[in-house]
2 protein chains.
Amino acid sequence: METGTETLEVGPAAADSWALLRSLFGLQRRRFLIAASELDLHPAQAGALLQLGAPLPMNELAYRLACDNSNVTGLIDRLEARGLVVRRPSFDDRRVKHVVLTDAGRELRERMLEHVARPTPGFARLTAAAQLQLAGMLRRILDDDPGGIDIT
Amino acid sequence: METGTETLEVGPAAADSWALLRSLFGLQRRRFLIAASELDLHPAQAGALLQLGAPLPMNELAYRLACDNSNVTGLIDRLEARGLVVRRPSFDDRRVKHVVLTDAGRELRERMLEHVARPTPGFARLTAAAQLQLAGMLRRILDDDPGGIDIT
DNA sequence: TATTGTTATACTCTATAACTATA
DNA sequence: TATAGTTATAGAGTATAACAATA
């Protein structure tokens, strides 16, 4: 419940902050779509590539992309046809297949990250101290929410 | 493109904050996709609806969704067929058509917003003072970036 | 000449249901 | 029985090129 003496409540200040965050999300989404287009990736393909920093079972990928398992089959089919990923059967559970990036896939993922993992220019207007504070707040917000999933 | 040659120096604290922000983007993207699915909207349709807080020319919509004009034609066709929007010719420029929400469209947009415009639960872990600070920093970051566009 | 919106085409995404092979 | 992945299908998204109307 209350972890401190201060009021922990989603008040008007939070609504304000969240509206601003949504604007930032919008900017980042545009960056993501433009980057994907420049690399000849459909948005869903680009999103999948970003998820694959480590090998992932098909169904985990479906969960992260908030889509049905059957979509992932076709999605991975096409990435595999382009030589960006391979399917690797699991040792533990013979129903499961892990999706693994090839060298080409890793390279393309890196180029995607160059576009989306760089902070927006506006970030430079914060002092180093403010940036540290910001990081602290974000860590607090994200704490034990279901997984730091980077989609964009 | 914003990946121009003038690289402003953003320190490791900014990179850290940005990584955390991207995790938050990912969570919000999932919320958005699930909300759209629950309201029987394809992600692109849900995104368009959110843009239409005020009437918008077709090409402006295409810009905000980072897609081609021709996509918007079909997208709006389907929303119009569902009675969610109407096309209204512009007075100033007879080539232009504005997209306007109907009452049903406005109502559905409100329901979308109920899902995505509410801060994540983790927000409650920030004190009111911290929430105000956060809003201030975000305003600074967004200042004179190209438009507060809320996609998700 | 350039721009707005449309059409036509080809490919990809997405949800649903039915199927298989494992568990 | 339940789950992971596939297939088949239908409807929607997306990029490209070509086009008519307007600027």
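Residue numbers begin at 1 in each chain, while the letters A, B, ... track the order of the sequences.
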Salt bridge or not between B:Arg82 and B:Asp40? Use side-chain N to carboxylate O under 4.0 Å. no
Would you give the length of the straight line joining atom CD of A:Gln28 to atom NE2 of A:His115, rounded to the nearest 0.5 angstrom? 11.5 Å
Opening and closing nucleotides of DNA chain C in contact with chain A, under 4.0 Å to non-hydrogen atoms: C:dT12 to C:dA23
Below 3.5 Å is the cut-off: list the nitrogen or oxygen pairs between protein and nucleotides 12-15 of chain D, distance only.
residue	atom	partner	partner atom	Å
D:dG13	OP1	B:Gln45	NE2	3.4
D:dG13	OP2	B:Arg78	NH1	2.1
D:dA15	OP2	B:Asp68	N	3.3
D:dA15	OP2	B:Asn71	ND2	2.8
D:dA15	N7	B:Asn71	OD1	3.0

Under 4.5 Å side-chain linkage, directly or through intermediates, the cluster mates of B:Val100: B:Val86
First encountered from the 5' end of DNA chain D, between A:Asn69 and A:Asp40: A:Asn69
Below 4.0 angstrom, which residues in residues 88-98 of chain A have at least one non-hydrogen atom near DNA chain C? A:Asp93, A:Arg94, A:Arg95
Working to the nearest 0.5 Å, report the span between CG of B:Leu134 and CG of A:Leu21. 6.0 Å
The side chain to side chain donor-acceptor pair (under 3.5 Å) partners of A:Glu110 (sequence neighbours excluded) come to none
According to side chain to side chain donor-acceptor pair (under 3.5 Å), who are the partners of A:Arg106, at least two apart in sequence or on a separate chain? A:Asp103
Test: B:Glu114 and B:Arg118 ion pair at under 4.0 Å: no
Report yes or no: is the cationic atom of B:Arg30 (NZ for Lys, CZ for Arg) closer than 6.0 Å to the six-membered ring centre of A:Tyr63, at no more than 45° off its axis? yes
Would you give the length of the straight line joining atom CD1 of A:Ile76 to atom CG of A:Asn71, rounded to the nearest 0.5 angstrom? 11.0 Å
Measure the OG1-CZ distance between B:Thr120 and B:Arg31 for me, rounded to the nearest 0.5 Å. 6.5 Å
